[in-house]
A.B. asks: 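Please read through the structure below; I'll follow up with questions.
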Amino acid sequence: MDMIANPQTDITPDGPDYDIVRRVIELITEDYRDQPSLEAIAARLNQSPTQLQKTFTRWAGLSPKGFLQAVTLDHAKRLLRKEDMPLLETSIEVGLSGPSRLHDLFVTHEAMSPGEWKAKGGGLTIRYGFHICPFGVALIMVTDRGLAGLAFSDSGGERACLEDMSCRWPNAEYIEDLQATMPYAARIFQPGKWSSEQPLRVVLIGTDFQVRVWQSLLKIPFGKAVTYSDIANDIGRPTAQRAVGAAVGANPISFVVPCHRALGKNGALTGYHWGLTRKRAMLGWESAHA
């Protein structure tokens, strides 16, 4: 299977700023206790403070200092508080964002049958494309039934990212098709195009347990977070927190099925398949747009 791995059109509304943003997030994460100033961060990155401020604010909607506050442990703990509403209440329509979630990406989903999953992609055609997005390079994978995969890499890591995703469904046929993936990429990363009248179609390919965990993730509102134990309770398996964590980590549709909103018991970010820096970026980006 010889697949092409070439990032194409930049669909980030304000330009490909993620590389600079990623380095800033890494610095403020590493030096969090020192509370680095804008000038100190800019000097480390060989940028002027003014230009860095403009670039970061264009990407995140808030300053580096504001973003730092948005990704602290205290903020993560606040995301987990439930005084506003029960985050995983069963009254939320399964697979469709609730009507009160005005800032969220509306999603409707279906799951492939166990037989289809066991075939490891056999008989399935997956069209894919690479697009520059607010979180680096996005790999979009779609079938005739909807979005099946969304993964991320830094520039230069596209081929490894594609191999990572394609090994999940090794028997599928893969075709690079930017015309098929571009509409998905444009909608996913532009909040102005999120609409309950045109929900994004998603197809979940996994075991029955994994699909139940991913369905639970779809209930987490934009700008909020839950713990792995919350998810375990929601699917009726309160003692299966470790298995829940594994299913969250195996989620093939990152960001859209928001596994980045799953945190440790005390608000710790824990792991993320595409890197903790990217998870911090997603949570901070959502905090700015919520």
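Numbers here are sequence positions counted from 1.
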A.B. asks: Step by step, would you call Asp144 with Arg127 a salt bridge (charged side-chain N to carboxylate O under 4.0 Å, His left out)?
C.D. replies: CA-CA 9 Å; Asp144 57 0; Arg127 301 180 184 276; over 6 Å; no
A.B. asks: Near Arg237 CZ, under 6.0 Å, is it more than 12 heavy atoms from other residues, nucleotides or ligands?
C.D. replies: no
A.B. asks: Passes side-chain hydrogen bond (donor to acceptor under 3.5 Å, both in side chains), Thr270 versus Tyr228? Steps please.
C.D. replies: CA-CA 10 Å; Thr270 65; Tyr228 296 107; 3.0 Å; yes
A.B. asks: So how far is it from Leu276 CG to His260 NE2, rounded to the nearest 0.5 Å?
C.D. replies: 13.5 Å
A.B. asks: How many angstroms lie between CZ in Arg168 and NZ in Lys120, if you round to the nearest 0.5 Å?
C.D. replies: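 NZ of Lys120 is found 14.0 Å from CZ of Arg168.
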A.B. asks: Go through the steps for Ile231 and Asn233 under the test side-chain contact (heavy atoms from CB on, under 4.5 Å), then give the verdict.
C.D. replies: CA-CA 5 Å; Ile231 297 170; Asn233 287 327; over 6 Å; no
A.B. asks: If you compare all heavy atoms of Gly129 against all heavy atoms of Thr181, which two are closest, and at what distance to 0.1 Å?
C.D. replies: N-CG2, 3.5 Å
A.B. asks: To the nearest 0.5 Å, what is the distance between CZ (Arg261) and CZ (Phe255)?
C.D. replies: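 One gets 7.0 Å once the value is rounded to the nearest 0.5 Å.
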A.B. asks: Compute whether any side-chain donor of one residue and acceptor of the other, for Asp164 and His273, lie under 3.5 angstrom apart.
C.D. replies: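 A pair is found: one side chain offers a donor N or O, the other an acceptor, under 3.5 Å apart.
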A.B. asks: Between Ser254 and Trp274, do the side chains contain a donor N or O and an acceptor N or O under 3.5 Å apart?
C.D. replies: yes
A.B. asks: Using distance alone, with no hydrogens and no angle criterion, decide if Ser229 and Thr227 have a side-chain donor and acceptor under 3.5 Å apart.
C.D. replies: yes
A.B. asks: Test salt bridge (charged side-chain N to carboxylate O under 4.0 Å, His left out) on Lys224 and Glu286; report intermediate values, then the result.
C.D. replies: CA-CA 9 Å; Lys224 298 291 185 180; Glu286 289 186 342; over 6 Å; no
A.B. asks: List the steps and the verdict of side-chain contact (heavy atoms from CB on, under 4.5 Å) for Leu218 and Val202.
C.D. replies: CA-CA 11 Å; Leu218 283 168; Val202 167; 5.8 Å; no
